[in-house]
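What follows is a single structure, written as structure tokens, with notes after it.
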Protein chains: 2
Amino acid sequence: MSETKIKNMEEFAAVSGISRPTVSKYFHDPASVRVSTRSRIEAALERYDYRPNIYAMNQNRKLTKSVGIVVPFMADPFFAEIARNLEQRCIDAGYRPTLFSAHGQPSFETDILDNLLSLKPAGVLMAPLGRNSNKSAIEKFCAEVPTVLFDSEIPDLGLAFVGSDNPQFSMHIVDYLCRTGQPPCFFEMKNPSNPNANKRRQGYLDAMEQLGHTPQIVSIAGNGWDIEEIGRQGGHAALVTQQFGSNTVLCSNDRLAIGLLTACYETGISVGRDPKCAIRVAGQDDHPFSRFTCPPLTTIAQDYDAISRRAVESLFAAVEGDENPRKTTLFDGKLIMRDSA
Amino acid sequence: MSETKIKNMEEFAAVSGISRPTVSKYFHDPASVRVSTRSRIEAALERYDYRPNIYAMNQNRKLTKSVGIVVPFMADPFFAEIARNLEQRCIDAGYRPTLFSAHGQPSFETDILDNLLSLKPAGVLMAPLGRNSNKSAIEKFCAEVPTVLFDSEIPDLGLAFVGSDNPQFSMHIVDYLCRTGQPPCFFEMKNPSNPNANKRRQGYLDAMEQLGHTPQIVSIAGNGWDIEEIGRQGGHAALVTQQFGSNTVLCSNDRLAIGLLTACYETGISVGRDPKCAIRVAGQDDHPFSRFTCPPLTTIAQDYDAISRRAVESLFAAVEGDENPRKTTLFDGKLIMRDSA
DNA sequence: TGCAATTCTTTACGCGCGTAAAAAAACTAT
DNA sequence: ATAGTTTTTTTACGCGCGTAAAGAATTGCA
């Protein structure tokens, strides 16, 4: 970092004593040049702080090193966490990830894809909004850019889908709830934006049937991503009109459960697995905050780590040449027992 | 979107019947060409889907249209919310924002600045990590890129700072708590990463003195951004050893308060402003989740909207030529009364 | 030591667009 | 219609780097 300012690769090649094409090759892939050459370049990098112009680099390359990470709602810590996980893995693999959030708006999601197109990314990791996504826009995008979908599946789209085995989630937690108390009823949004919700409902129905219980579903109104508030209001309504036919409520997801817990508090209904409590509440996802609700929320944890690892692996395998058929990978959830159920 | 594929601006200029330099001018600023010209270009844009190559565009421009938005911790919904707000405003102003999160790690923050440098952004909106930030790296960055800091101030750095008036926060909520019950003690992390914490402590001390009460501060150990967990553990310790000299606890921020609420629950201590409850707990920030704690958290709300508006205004004023002296803008907080205090 | 295989240098062109300068064309106002 | 102003066209070059091709240098190995 000492001497005169380096303007471009030409000058940097000169001071490092290596020809420009070789330097270019080095920046494309350091392992592609001989060790002695590499160390001479790296020695020069120590003395001068030069970085290739990223715009000039990407102009001619068919394949850039950038990767898009798209989530439906960054203000949901669940997605923020998984985005961070994905980001780290991309960096480790030598790529430049860029974060995007659709902020719950389909039009925003479409705009993001438009912008991504002009970024010519090597690949994209995307969790779609779900029901409200502009499917044809996503389909068109997937046809042009290698894309791995996660969290929320759109059938047949993308190189691969990685998510959770929702039926297993339901089976697992329904079984636990039945073993430890009354069979649960199911609390959900009538028009969930995320397709996982439908699979969880079905999983609940199957699990209850399999265990020989009569299922009961409480569907509440509400749209959008303000899920805690929807759960709180719907919970209020369900509680005062006594719609829950069981003292145990399994929520479609943790954010809904968090809202329901608030509704219980506000209605004066005690929640917990303690026999003195009026009802038990369980969620699904292991949302980062579920540890801190009162009572702490019993839930079934998505395997963030496995999901993000597999998503990134699938993407880079495809990007780096493997021609695999589209594959769906689903990971099991782990029961997290806390005080709420 | 009908006819043959357009490869570059040359071809697009041909089909639109306008010369390439004029088309280039149009994409730089649509208002800079005559109305008749503009409508001919826009007519062509309807028929052919052409977008200028972003890499070629930015290669020669001294000033790109991209803006960096840097937050310390995206998994904190507070920052996710404000980032979204900033993002929207940048788009409305015709810029291309890119989101970055330091994920609580100083080394990551430095890397982000490095990457941003090579993106040659028109400007950057940054909330630093705080105490752990690599100040000299940020200083060096600010010298090269127009940067507005928000949330967490680093003295004299950047074009401007926009944040909250922390002493006003403390005064306001301490006054409220004193009027409605016992004067509060103050619950905080011993080594807070965010410098606002220090201002809030001082604000608490000043407020208590002004109101004629004896202040008491409970500082707990813990590092990093896992603030709820730190608050929970520290809260446990403080509760069992009866360190709170008042039945009212003002927390340095909402996330700490959320942890303390969990500790109270786990210790069997009832929280609320109801006289039957054992203690009152208040937070600061109006974290998105604070509405849904049990009991819902009384807090003082940061004016997200005003902060993000002013931050963006300051940045674009500077980017577009105004030479203003560095200015610090602080917004008042609004008391949000809920059940916890 | 010699020969083939690998790696590097030299030379040269192109990518898509920014932008400058001079000339031509289109407006505006009188 | 005319002069003056604004906008567009024409022409031309450069940005920083990717990349191809041919020859030179370096290596590995027997």
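Numbered from 1 within each chain, the chains take letters A, B, ... in sequence-line order.
- Checking side-chain atoms of R96(A) against main-chain N and O of N115(B) turns up no donor-acceptor pair under 3.5 Å.
- Across all strands, F12(B) comes closer than 4.0 Å to no nucleic acid atom at all (heavy-atom distances).
- Using a 3.5 Å distance cut-off with no hydrogens or angles, the side chains of D92(B) and Q88(B) do pair a donor with an acceptor.
- Distances shorter than 4.0 Å separate none of the side-chain N or O atoms of Y26(A) from OP1 or OP2 on dG18(D).
- In this structure, T22(B) and N58(A) both approach DNA chain D, and ranking their closest nucleotides by distance from the 5' end singles out T22(B).
- Taking the charged nitrogens against the carboxylate oxygens, R326(A) and E153(A) do have a contact shorter than 4.0 Å, which makes a salt bridge.
- One N or O donor and one acceptor, one from the side chain of N60(B) and one from the base of dC17(C), sit under 3.5 Å apart.
- Contact annotation: the side chain of K120(B) never approaches that of N58(B) to less than 4.5 Å [non-hydrogen atoms, C-beta and beyond].
- At a non-hydrogen distance threshold of 4.0 Å, nothing from residues 114-121 of chain B comes into contact with DNA chain D.
- With L86(A) as the partner, the side chain to side chain contact (heavy atoms under 4.5 Å, CB included) test is satisfied by one option alone out of L125(A), I307(A), V148(A): L125(A).
- For dG16(C), its base sits under 3.5 Å from the side chain of Q59(B) at one donor and acceptor pair at least.
- The distance from atom NZ of K25(B) to atom P of dT19(C) is 12 Å, rounded to the nearest whole Å.
- Taking atom CD1 on I6(A) and atom P on dC15(D), their separation rounds to 16 Å, with Å as the unit.
- Side-chain to base pairing of R20(A) with dG18(D): one donor and one acceptor N or O lie within less than 3.5 Å of each other.
- Summarising the geometry, the separation between CD1 on I18(B) and P on dA26(C) is reported as 11 Å, rounded to the nearest angstrom.
- Using a 4.0 Å heavy-atom criterion, one finds that T37(B) contacts the sugar-phosphate atoms exclusively.
- Rounded to whole Å, the distance from OH on Y55(A) to C1' on dG18(D) is 18 Å.
- Using a 30° and 60° split on the angle between ring planes, F108(B) and H103(B) fall in the perpendicular class, above 60°.
- Side-chain nitrogen and oxygen atoms of S24(A) include at least one within less than 4.0 Å of the OP1 or OP2 phosphate oxygen of dG18(D).
- The aromatic ring centroids of F78(B) and Y304(B) lie less than 6.0 Å from each other.
- Summary of the strand contacts: G17(B) and P52(A) both lie near DNA chain D, and taking for each the nucleotide with the nearest heavy atom, the more 5' one is attributed to G17(B).
- With distances taken from any side-chain atom of P21(B) to the nucleotides dG18(C), dG16(D), dT19(C), the minimum falls on dT19(C).
- Regarding R40(B), its CZ atom lies at a distance of 16 Å from the P atom of dT7(D), rounded to whole Å.
- Residue R61(B) has a polar side-chain atom (N or O) positioned under 4.0 Å from OP1 or OP2 of dG18(C).
- For the pair R38(A) CZ and dC8(C) C1', the interatomic distance rounds to 15 Å; values are reported in whole Å.
- I54(A) has its CD1 atom 12 Å from the P atom of dG18(D), to the nearest Å.
- Here dT27(D) is the nucleotide among dT27(D), dT9(C), dG18(D) with the atom lying nearest to any side-chain atom of R34(A).
- Distance R51(A) CZ to dC17(D) C1': 16 Å, rounded to the nearest Å.
- Proximity note for M57(A) (side chain, C-beta onward) versus dG18(D), dG16(D), dT9(D): the nearest is dG18(D).
- Using a 30° and 60° split on the angle between ring planes, Y50(B) and F27(B) fall in the perpendicular class, above 60°.
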